[in-house]
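The chain is numbered in sequence order, starting from 1.
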Amino acid sequence: MQKKYKTSPNKRTEYIYYPADGTKITISPGEASNSFIELLHSMDDNEVDEQRRYDYRVTTHLDAYHDGEDESANDRNKYLADNSTNPEKLLIEAEKEAEHLDMLDKLTKAMDCLLPQQKELFKKVYIENRTNVDIATEEGVTETAIRKRLKKMHEKLRKVLS
């Protein structure tokens, strides 16, 4: 029987083990020396450490899930699974791409309706990621004026996109 955990240092005054028949055998300090009991516990510790290392390596190793010789065995290994040909995933990606292209087309048409100053403001805010205060300082106007221009631009875009 393999141990999963090490014995607590507080409980190492005696050594308990279970042979194959399942009976409990206790070795106390009167029956054996303390160094012998400590040796048995250190052997158990080594065994637990080795099992932990084995479990870690096996589950992360690529061959860990390969339990067959045919191609279906490869599907069980998540590292070897090929999802690039998953039809559902491909369909969802195609729909997302079509929606994205449709939205870009609508936005391009809506941008044509904007005045040159509004296009420039759109570029500064959404492409260059500049703040309203920064833009207002550059143009020599108040931040409130920039907010009003943005509001007008948003209303115009909203009207065209709806």
Mind checking whether [X] and [Y] have side chains closer than 4.5 Å, heavy atoms only?
X      : Y      : answer
Ile25  : Ile16  : no
Thr131 : Glu143 : no
Arg12  : Lys6   : yes
Glu138 : Arg130 : yes
Met111 : Lys106 : no

Quick check for you: to the nearest 0.5 Å, what is the distance between [X] atom [atom1] and [Y] atom [atom2]?
X      : Y      : atom1 : atom2 : result
Leu91  : Lys89  : CG    : NZ    : 13.5 Å
Gln117 : Phe122 : CD    : CZ    : 16.0 Å
Thr13  : Glu38  : OG1   : CD    : 11.0 Å
Leu115 : Leu121 : CG    : CG    : 11.0 Å
Leu107 : His100 : CG    : NE2   : 10.0 Å
Gln51  : Arg53  : CD    : CZ    : 10.5 Å

[X] atom [atom1]: more than 12 heavy-atom contacts under 6.0 Å:
X      : atom1 : answer
Lys119 : NZ    : yes
Glu31  : CD    : yes
Glu95  : CD    : yes

Can you get from Leu90 to Ile92 by hopping between Ile, Leu, Val, Met, Phe, Trp and Tyr side chains that sit under 4.5 Å apart? no
Same cluster for Ile37 and Val48 if Ile/Leu/Val/Met/Phe/Trp/Tyr side chains link at under 4.5 Å? no
Considering all heavy atoms, the nearest Thr7-Asp45 contact: N-OD1, 4.5 Å
Evaluate the criterion side-chain hydrogen bond (donor to acceptor under 3.5 Å, both in side chains) for residue pair Ser35 and Ser33; output intermediate values, then yes/no. CA-CA 5 Å; Ser35 61; Ser33 67; 3.2 Å; yes
Under 3.5 Å, side-chain donor or acceptor atoms of residues 151-160 against the rest of the protein: list the pairs with distances, not counting sequence neighbours.
from: His154; atom 1: ND1; to: Leu150; atom 2: O; distance (Å): 3.3
from: His154; atom 1: NE2; to: Tyr126; atom 2: OH; distance (Å): 2.6
from: Lys156; atom 1: NZ; to: Cys113; atom 2: O; distance (Å): 3.1

Under-4.0 Å salt bridge between Lys4 and Glu47: no
Where do Arg149 and Glu139 land on the side-chain contact (heavy atoms from CB on, under 4.5 Å) test, with the steps shown first? CA-CA 12 Å; Arg149 291 179 191 172; Glu139 294 185 6; 2.5 Å; yes
List for me each residue that meets side chain to side chain donor-acceptor pair (under 3.5 Å) alongside Glu120, sequence neighbours excluded, and say none if there are none. none
Positive for side-chain contact (heavy atoms from CB on, under 4.5 Å) with Asp44, one of Tyr15, Tyr5, Tyr17: Tyr15
